[in-house]
Amino acid sequence: MLRGLMMDRPLLVSSVIDYAAEVYPDVQIVSQTVEGGLHRYGYAQARDRIGKLANALVALGIKPGDRVATLAWNGYRHFELYYAIAGIGAVCHTINPRLFPEQITYIANHAEDTALFFDLTFLPLVEKLKPTLKSIKTYVLMTDREHMPADGQLNGLLCYEGLLAEMDAAFTWPEFDENAACALCYTSGTTGEPKGVLYSNRSMMLHTFFLIATRPDLFAHNRTILPVVPLFHANAWSLPYITPLTGCTLILPGARLDGPTLYDLMENEGAEAGWGVPTVWLGLLDEFKKRGRKPRKLAQILSGGSAVPQAMIDTFTRDYDIEVTHGWGMTEMSPVGTLTLFRPEERAKPPLERAALSARQGRRMFGVDLKVIDEKGNRAPADGKTSGELFVRGSTIVSGYFKNAEASAKQIDSEGWFGTGDVAKITPDRWLLIVDRTKDLVKSGGEWISSIDVENAAMACKGVANCAVIGVPHPKWDERPLLVAVKAPGAEPTKTEILDVLASKIAKWQMPDDVVFVDALPMTATGKISKKDLRAKFADYKLPT
Ligand code: ADP
């Protein structure tokens, strides 16, 4: 081999904020704060405060490799922590505050976090959890001196703004191996104990580049982007790195994520794009309907994390002239795997025809290899028909879980590919179709019924606001599908009406054996419908014979 003669400089995330401070100093980060009101500053000012925070972290004794935990919403202080922690060579461990308290304890102890930074909202939670947190020595409340509690159980609680006030903004980032870890995120543990995904500076930078390279239009012209997806959910899908790098304005919505609040923030700040899970968009669409229009500049929705129903894509496209980009991925994949990606001839189609392609999970992001392994263990052809377990490979994909050799061994195959636990097929023109999570498939008499397909059909029924399909035990077929639906406000769809519509859209053997109406569906900590909870609720459900 003849080695190239180029400089070998490490890819470090700290370089991103320096770039933004120089090239886009006045482009804004706007945050809806937990204390109330809006906070705004440019990337140059953010860099100054990140410098102060880095000095404070060093003064607190945080060392390279240390895990520093956060329990926080999307806000500018959380953004600052991302960069300051990674910049000094430590690891930003974002913990999902919506998890059960016991899971938070498990995660913090497993990660051996040494410090915890948290928003005011979580003060009561942290006070309660403190006796169970074994390795955390430093507790910092992410607020100003005015909002510090007068007394409390957390002795020695530090104030974020107090720490910064004493520090110098100048901080030169140390240089180290690009393979050094920079962030840690645990999967929500929908199956078993949460597992830690430890990202490196290199993988994070590559994921950022790959996503920008694959869909540059999403970030063109210094767009204004609002991540509803939390900073604690898989790096907010890379937006905290992509927006500074591309000079996009970042709107951070804080703790209030209901339809009316989000709508107002989007309207007032001129958000052009919103990123989040489908349930968030259902709430926002309700608000559009109430007000008779969309927030004035909103033109793009990126929806990922669970399948986006065709009906939702059509409503956004037809009624509001909003283009929906559908993404599929996993925490283990940094997280993006595939996303809506049109070939020129598809892009040329009218919007509604294009929208008909967007319920598919997309085409692969550059840097992510896909393979489908059929029931017999063979590689399935990309024929759009043969389904099997989806495996992925790439430099932005986990090679093993943090301190969990057993779980790692289960999910990495002999060729080094990661098994996603999703069942998928790939069309000849390379669209990925996720059939279902393996554990959510309804196994009916040797056939698999995709709950996603049935849900998609049911979401198109008038008067259905949201729904989920689960398998319930059946004496003859092992399992049969049950449709659990939430009625839209003021609507009274009947079981027969829904089944009639479904009959025109799906095959007879896929038809739900019954429909039940509920007021609300249970949600997971990442805002997805919790099928595990639904299955538990309907475990003894007797289907009509
Ligand atoms: P959690 O388990 O906490 O939800 P992830 O966000 O990592 O964590 O979930 C990844 C899983 O979510 C995928 O394996 C897949 O089952 C599901 N998923 C993500 N995006 C989509 C999508 N667009 N369509 C269908 N399923 C999806």
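Ligands are counted one by one from 1 in listed order, and the atoms in each one are counted from 1 as well.
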Using the six-membered ring wherever Trp is involved, compare the ring planes of F79 and Y83 and label them parallel, tilted or perpendicular (cut-offs 30° and 60°).
-> tilted
Kindly state whether the ring of F122 and the ring of W73 have centres lying under 6.0 angstrom apart.
-> yes
Decide if atom CD of E406 counts as having more than 12 heavy atoms of other residues, nucleotides or ligands within a radius under 6.0 Å.
-> no
Record the part of Q361 in heavy-atom contact with ligand 1 below 4.0 Å; permitted values are side chain, backbone, both and neither.
-> side chain
Please work out which of A234, S303, G329, G421 has its closest non-hydrogen atom nearest to atom 10 (C) of ligand 1.
-> G329
Atom indices of ligand 1 within 4.0 angstrom of H326 heavy atoms, with elements | 22 (C), 23 (N), 24 (N)
Do H207 and Y241 make the cut of ring centroids closer than 6.0 angstrom?
-> no
Is any side-chain N of the basic residue among K195 and E332 closer than 4.0 Å to the acidic one's carboxylate O?
-> no
Please say whether R437 places an N or O atom under 3.5 Å from an N or O atom belonging to ligand 1.
-> yes
Salt-bridge contact E112-K403 (side-chain N to carboxylate O under 4.0 Å) | yes
One finds that the ligand 1 atoms under 4.0 Å from a non-hydrogen atom of M330 are 7 (O), 10 (C), 13 (C), 14 (O)
Going by the atom numbers of ligand 1, which of them fall below 4.0 Å from some non-hydrogen atom of K528?
-> 1 (P), 4 (O), 5 (P), 6 (O), 8 (O), 9 (O), 10 (C), 11 (C), 12 (O)
Answer yes or no: does an N/O atom from G327 fall short of 3.5 Å to an N/O atom of ligand 1?
-> yes
How long is the gap from CD on E479 to NZ on K443, to the nearest 0.5 Å?
-> 6.0 Å
Mode of T331 contact toward ligand 1 - side chain, backbone, both, neither (heavy atoms, under 4.0 Å) = both
Quick check: does A307 get an N/O under 3.5 Å from an N/O on ligand 1?
-> yes
Close side-chain approach of D440 and R535, heavy atoms under 4.5 Å = yes
For T524, is the nearest heavy atom under 4.0 Å from an atom of ligand 1?
-> no
Would you say R360's side chain and T340's backbone share a donor-acceptor pair under 3.5 angstrom?
-> no
Is there at least one pair of N or O atoms, one from G305 and one from ligand 1, spaced under 3.5 Å apart?
-> yes
Among L339, D422, D436, N96, which residue places a heavy atom closest to atom 15 (C) of ligand 1?
-> D422
Can you list the atoms of ligand 1 that are under 4.0 Å from a heavy atom of H233?
-> 6 (O)
